[in-house]
Chemist: 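Have a look at the structure that comes next, please.
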Number of protein chains: 2
Amino acid sequence: MATIYDVARRAEVSPATVSRVVNGHANVDPTLAERVRRAMRELEYRPNAVARNLRRSRTTLWAVIISDIGNPFFTSLVRGVEDVAQRAGFSVVLCNTDEDPTKESQYLDAALTEQMAGVIISPSGRANHVNRLVDARVPVVVIDRQVSGAHVDTVLVDNEHGASLATTHLIESGYERIACITGPEGVFTAMRRLRGYRRALEDHDREYDPDLVRHGDFRSDGGYRAMASLLALRPRPDAIFAGNNLMTVGAVECLVDSRIEVPAEMGVVGFDDVPWAHLVRPSLTTVAQPTYELGREAAQLLTQRIATPDRPPTVITLETKLQIRDSSLPRSQP
Amino acid sequence: MATIYDVARRAEVSPATVSRVVNGHANVDPTLAERVRRAMRELEYRPNAVARNLRRSRTTLWAVIISDIGNPFFTSLVRGVEDVAQRAGFSVVLCNTDEDPTKESQYLDAALTEQMAGVIISPSGRANHVNRLVDARVPVVVIDRQVSGAHVDTVLVDNEHGASLATTHLIESGYERIACITGPEGVFTAMRRLRGYRRALEDHDREYDPDLVRHGDFRSDGGYRAMASLLALRPRPDAIFAGNNLMTVGAVECLVDSRIEVPAEMGVVGFDDVPWAHLVRPSLTTVAQPTYELGREAAQLLTQRIATPDRPPTVITLETKLQIRDSSLPRSQP
DNA sequence: CTGAAAGCGCTAACAA
DNA sequence: TTGTTAGCGCTTTCAG
């Protein structure tokens with residue numbers, strides 16, 4: 001690999017001049033600049049970002065740390081991040097933790113030791129992970145899940161409100177025994193969505209019954225198992241609110257396998273849109289999240305945090321929207 | 001951020017000794033080592049990977065460059081890569097090109113300038129991109145799509161054979177006018193799958209009719225549009241072979257919207273499994289690819305390439321398997 | 001077994 | 001406008 005010295009020698013200038021041409025910083029005599037550019041071309045010179053990063057003590061890479069690369073929620077979000085990052089001159093790399101705190105910790109280490117310019121993270125676990133970044137003064141934005149006790153920019157959706165909308169919709173459509181499949185205990189979004197479900201019930205003078213609640217793993221399998229367990233109840237629930245997209249899919253798979261008709265025998269509303277929802281019969285009522293915008297907002301916060309590290313942290317909450325489709329058609333009266 | 005000098009001073013040793021403790025390279029007196037470790041803890045010392053990388057002129061990051069992060073094919077593949085990488089002490093970062101050569105080029109630049117330890121790429125475009133890596137002696141493995149004229153490790157599936165199996169299956173199930181939706185012109189997998197389709201037809205003394213072929217974009221929308229265009233034909237096709245998972249989804253969506261019964265009015269076979277295939281009615285016959293293994297094999301080749309840069313390139317071809325489900329049920333005789 | 005010192009490739013004062 | 005030079009933080013000879 002040619003270095004900046006090789007180029008300098010060939011162009012008969014100093015390394016500093018080459019650096020100036022490469023970075024377009026200072027004014028360089030056009031003749032020299034041209035000579036430098038030619039030398040670069042001839043030597044196929046490519047700046048060594050590692051050396052540059054060391055010298056400048058900053059990099060141009062953002063890490064986006066997410067918990068499930070297989071969930072379209074995150075892939076859409078990542079696109080939002082990418083589009084903003086690119087315009088601001090950063091490259092985005094993705095790190096997939098599979099909801100595993102060990103993996104998350106490893107990627108945090110990588111982000112720290114590699115001196116990444118910034119991190120956008122949907123934290124799987126406790127606050128201390130995020131605080132490691134904050135303490136090390138790495139610009140960081142938390143996305144999707146609030147971290148209590150971390151003083152950090154955050155982008156959320158109105159989980160509780162969305163869940164409440166969904167549940168209210170089921171109530172008003174005439175469903176009587178509405179169950180809930182929420183996410184893992186201790187995960188922020190899972191707790192908020194459960195709270196919204198509960199609030200809606202209580203607002204309509206329904207009893208909140210913990211027996212009708214299951215905790216899944218935010219993946220399809222968990223939704224399937226939770227649904228199966230709910231189906232064993234007597235009396236059986238006649239509707240369910242599922243706390244994320246993949247668990248909705250799993251729950252519906254279970255209903256299909258059990259030959260239970262949706263919505264005739266079981267109303268279904270899910271949180272977050274299901275990919276290829278059109279293909280699923282019947283079409284699914286969901287609480288739609290602005291996933292792409294979530295990514296955009298996070299990326300914008302991150303650029304601002306990088307520009308002004310000492311600004312006070314912001315929390316942005318985006319709105320969800322209830323998309324009524326066929327899986328929650330009004331209950332025909334007996 | 002504490003540096004190695006800070007630690008050395010506190011532990012009253014030389015930076016070299018700290019380095020030895022950190023890397024466990026040479027033998028260090030246990031007393032000193034303990035002093036160093038304590039100093040590290042007290043200062044929350046974290047080695048600066050940028051400086052280390054510069055000094056060692058190698059890094060510990062792999063880039064996986066893929067064309068569509070929204071396609072489960074790639075997400076499963078990435079998991080295969082991650083599992084191997086982690087064991088070998090590398091971190092994996094993902095780069096999404098959205099099939100855009102400009103983005104691809106940018107990520108290649110990033111991989112080069114950041115001196116990444118290795119690259120696994122599913123190239124969207126021409127050979128020259130990959131050759132930039134090979135020429136720069138960056139360890140690289142090409143995955144999913146062969147690059148003609150690049151002397152490089154490659155992991156593929158038997159696209160032609162799989163496509164031929166799928167088409168033969170439709171023929172033997174009694175379908176008469178079998179159309180094909182393949183991928184973008186010039187994309188390796190698209191060409192091979194089209195060739196398999198054609199070969200199967202000709203092997204069964206059917207005429208290959210270019211009017212029955214459409215080129216989609218490997219995404220759902222493209223599949224939808226291609227299907228719509230095929231439906232305008234008179235006589236209409238009575239079966240289709242779709243060249244990847246998302247286009248299969250799009251094609252089926254189009255059929256649903258057009259109220260065309262599958263398989264009664266249109267047999268469907270897709271290449272690559274569709275996520276949540278259970279939910280799609282009827283269940284879809286597909287050519288299943290070993291996506292996770294694809295990633296594993298690629299990662300293994302990459303570790304070998306890094307260990308022995310001058311070994312001759314290998315091409316590995318994994319087998320696909322026809323998964324027969326309901327969307328291609330034997331045609332009932334008229 | 002330990003320390004001194006050179007240098008990875010680049011940038012940014014500072015001087016000329 | 002250009003060049004000289006001193007590091008960024010780390011590893012790794014080479015002496016001791």
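Here is how names work: the chains are called A, B, and so on, in the same order as the sequence lines, proteins then strands, and each is numbered from 1. Note that the coordinates shown come from a computational prediction; the quantities given were computed from them, not determined experimentally.
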Chemist: Under a 3.5 Å distance rule, please check whether B:Ser67 uses its side chain to pair with a backbone N or O of B:Ser124 as donor and acceptor.
Modeler: no

Chemist: Only one of B:Leu302, B:Ile143, B:Val141 forms a side-chain contact (heavy atoms from CB on, under 4.5 Å) with B:Asp153, so which one is it?
Modeler: B:Val141

Chemist: Among residues 32-42 of chain B, which ones have heavy-atom contacts with DNA chain C below 4.0 Å?
Modeler: B:Leu32

Chemist: To the nearest 10 degrees, what angle separates the axes at the start and end of the helix from C:dC1-D:dG16 to C:dA16-D:dT1, five pairs each?
Modeler: 40°

Chemist: Charged N to carboxylate O under 4.0 angstrom, B:Asp68 versus B:Arg219?
Modeler: no

Chemist: When the distance from CZ of B:Arg9 to P of C:dG3 is rounded to whole Å, what number comes out?
Modeler: 14 Å

Chemist: Spell out, as yes or no, whether a donor-acceptor pair under 3.5 Å connects the side chain of B:Arg35 to the backbone of B:Glu12.
Modeler: yes

Chemist: Got a donor-acceptor contact below 3.5 angstrom from the B:Ser76 side chain to the B:Pro72 backbone?
Modeler: no

Chemist: Which of these passes side-chain contact (heavy atoms from CB on, under 4.5 Å) with A:Leu133: A:Val152, A:Leu108, A:Val142?
Modeler: A:Leu108

Chemist: With a 4.0 Å cut-off, would you call B:Asp29 and B:Arg20 a salt bridge?
Modeler: no

Chemist: Could you walk me through whether A:Ser14 and A:Thr17 satisfy the side-chain hydrogen bond (donor to acceptor under 3.5 Å, both in side chains) test, starting with their C-alpha distance in whole Å, then the side-chain angles of each, then the deciding distance to 0.1 Å, before giving a yes or no?
Modeler: CA-CA 5 Å; A:Ser14 74; A:Thr17 299; 3.3 Å; yes

Chemist: Which heavy atom of B:Ser91 sits nearest a heavy atom of A:Tyr107, and at what distance?
Modeler: CB-CE2, 4.4 Å

Chemist: To the nearest angstrom, how far is A:Glu12 atom CD from D:dT2 atom P?
Modeler: 14 Å

Chemist: Verify salt bridge (Lys or Arg N to Asp or Glu O under 4.0 Å) between B:Arg132 and B:Asp135, making sure each step is shown before the conclusion.
Modeler: CA-CA 5 Å; B:Arg132 263 168 52 202; B:Asp135 293 347; over 6 Å; no

Chemist: Base contacts versus sugar-phosphate-only contacts with protein, heavy atoms under 4.0 Å: please encode nucleotides 8-16 of chain D as B, S and - from 5' to 3'.
Modeler: BBBBBB---

